[in-house]
Each structure stands twice: as C-alpha cells, then as structure tokens.
Number of protein chains: 2
Amino acid sequence: MKETIGDAFRARGLRCTPQRFFVMEYLMRHHVHATAEDIFHAVNRTDPRASRATVYNALHALSRTGLVSEFAVNGTAARFDANVDRHHHFICDRCGAVEDVGWFDPPTIGRRVRDFEAIFRGVCAGCSELKTTRKRSKL
Amino acid sequence: MKETIGDAFRARGLRCTPQRFFVMEYLMRHHVHATAEDIFHAVNRTDPRASRATVYNALHALSRTGLVSEFAVNGTAARFDANVDRHHHFICDRCGAVEDVGWFDPPTIGRRVRDFEAIFRGVCAGCSELKTTRKRSKL
DNA sequence: TTTTGTGCAAAAGGTTTGCATACGA
DNA sequence: TCGTATGCAAACCTTTTGCACAAAA
C-alpha cells in the first residue's frame, strides 16, 4: 500500500506536526510551484495562528530531506514543488507561471558537475491563447 | 578604431554620466560577476557621494540596452557582467564564484522558447586544489 | 521527559520608490 | 533650456533569527 505523508516524515526523522503536514499536503495537491507566501496564506485559512517562520521551517525541513524541491529565479520569491523527480523549468514571460520540463542531461563542459539546472522562457499555452496579457490569478 | 564607452552610451541614447561611466568601466575591467553592492563600494571609493540607487539605475540602464548582462541565483544578490555574448554559468559550491561556460543550444521541448539559461554547479578549480574550504575574498 | 517545532516580533539583506536637486546635451 | 540622472531616505519584500512556550515521541 501507499506510503502516507506521516510515514514519509517518520522515515526521515521528521516529527509529524499539523503545520508540516499541511504544507506537504498542500504541495502535493497544488502542482503550481507555490511560493512560501502562497502556502502561508493557505495554512492561515485553516489555522490563523500559524506563522511565516513555521512555514519556512517546514519548507526547509521538507526540502532538506528531499520531499520537496525548491527553486528560485531572478530575485523573485522561492518556489516549492512536491515533484522531486529531476526536471527543468519553463517560465512564462507574461504570467510568470512555472511549468516543469522533462529532464535532459547536460553536455560535458570539461569539469566535474554536481548539479545542472536549465530554465526556458517564453509564453505559456494559456497566455498565447488570450491576446491580452493578464496576471496569473493568486492561488 | 574601437568604440568607446561614451560612443556605446550615445548609440543607445544613454547620457554619459560619471557614475554610469564608472559602472560600465568597472564591469569591463573586472570579469568577476560583481554584485550591485561590490560595484557600489568600488564607486564609493572614487566618489563617496554616489548612492546605491544610482548604481542600480545605471545597472538597469546598461542591462536594458544590452551593454551588460544580469543574472541571479537562489535568493542571492543579482550579478552583472560585461560579457553579453550568449553563455551559461558555472557556480562553485564552496566559494560561490560564478564562471562563464560556453553557449550551447537548448534541446527542443515542443514549444516556442524565447530564452534559455543553464546553470552548472560543482567545485571550481581553485577550491578543489586547496583541501580546505575558504570564502571567496571580497573584491 | 526530552527533544524538536512553533509563534512572535524584530532584524537583515537586496532592491525599489518618491521627490527635490543637479547636470549633460 | 529641457529632460534625464542623481542623492537621499524611507519603504518594500522575502527570508532569517532569537527566545519563550508548546507539543511530539
């Protein structure tokens, strides 16, 4: 049977707190590369006492133990994703949405490479349909 | 004969101010992917009245008109570079230094791509020589 | 009971903004 | 002169930190 979130936490020595659980569940349910702020607001809807610091703590714990992936571009807020398979990213010029792109290996560059990351930019399918530009709606 | 910085500015409709000139010259002389803060300190050594805002203004003007390239990683300060030929980046895990890597075209991913950027990570030559880790010295 | 995590508030780091003044063309 | 840049200070946004308290295991 499937591994539960609780199991995953235990397997990595992470305590299963409600806040942490919520963050993980949120990321598994919303594959939209949420920012810490997005998640903070979502958590707050359920538990108004939850704090930003806790969201950041949770995200770091999850990221450190390989349950979520983190990535950031150009001085914008970091984004988190429950997809931990190797992949690259496509960022929409218009709405800023981030989409996953299949993994490909880097070319050799004559030195040892520990990690590789590729970012594509262009206009996403949604935005190229509509002629008008509009901001991505908040989660 | 060679195009001067002043010519380059004029050709793009940028006024040639001492601050702007200094920033451009600095980037042409130091191929170290300087941060705004690095440049601010350098400017300040020459002209103690220069302000951060002006450095940012200058960098944006230069970047907008294609005289310098800008790139940022993972919540660290943006870095600027007078090398505007297409290239990718290698970032040292230990000292954080950024080195240029030759350009290669992206694989096709089934949609129109306007821009592509690749980031390699690993330990740079300098750091793998020394056994000990040490911070990159400030400029 | 013993860690580890949480909440709060304050601070830090990087960047942007508003506005009056200065200056290049 | 005219319009663009500059300098300053304050604001902004994201993230981190310190510390007392709470709650998992």
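Bear in mind that the values here come from a model prediction, so they are computed numbers and not experimental data. Because only heavy atoms are used, hydrogens play no part in the values below, and waters and symmetry mates are left out as well, while side chains stay in. The sequence lines fix the lettering, A, B, ..., with proteins before strands; numbering per chain opens at 1.
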Kindly say if A:T54 contacts the phosphate of C:dG5, meaning a side-chain N or O under 4.0 Å from OP1 or OP2.
no
To the nearest angstrom, the CZ-P distance between B:F21 and C:dA25 comes to 12 Å
Using a cut-off of strictly less than 4.0 Å, decide whether B:Y56 has a side-chain nitrogen or oxygen near OP1 or OP2 of C:dT15.
-> yes
(Q) Quick test of your reading of the model: are B:E37 and B:R79 salt-bridged, counting only N-O distances below 4.0 Å? (A) no
Out of C:dT4, C:dG24, D:dT14, minimum distance to the side chain of A:R15 belongs to C:dT4
| Sidechain N-carboxylate O distance under 4.0 Å for A:D100, A:R86 | no
Next on the checklist: Please determine whether a side-chain nitrogen or oxygen atom of A:Q19 lies at a distance below 4.0 Å from atom OP1 or OP2 of D:dA23.
Outcome noted: no
A:L14 CG to C:dT3 C1', in whole Å, measures 14 Å
Does B:T17 have a side-chain nitrogen or oxygen under 4.0 Å from the phosphate oxygens OP1 or OP2 of D:dT6? yes
Rounded to whole Å, CZ of A:F40 lies from C1' of C:dC8 at a distance of 11 Å
Checklist line | Any donor-acceptor N/O pair under 3.5 Å between D:dG7 base and B:R52 side chain | finding: no
To the nearest angstrom, the CG-C1' distance between B:D47 and D:dA5 comes to 13 Å
Review point. Do B:R111's NZ or CZ and the ring of A:F90 fall within the cation-pi criteria of under 6.0 Å and 45°?
Key: yes
Plane angle bin for A:H89 and A:H87 - parallel if under 30°, tilted between 30 and 60°, otherwise perpendicular: perpendicular
**Study point:** A:H60 side chain near D:dT15 phosphate (N/O to OP1/OP2, under 4.0 Å)
**Key:** no
Does a side-chain N or O of B:R20 approach OP1 or OP2 of D:dA5 to a distance below 4.0 Å, or not? yes
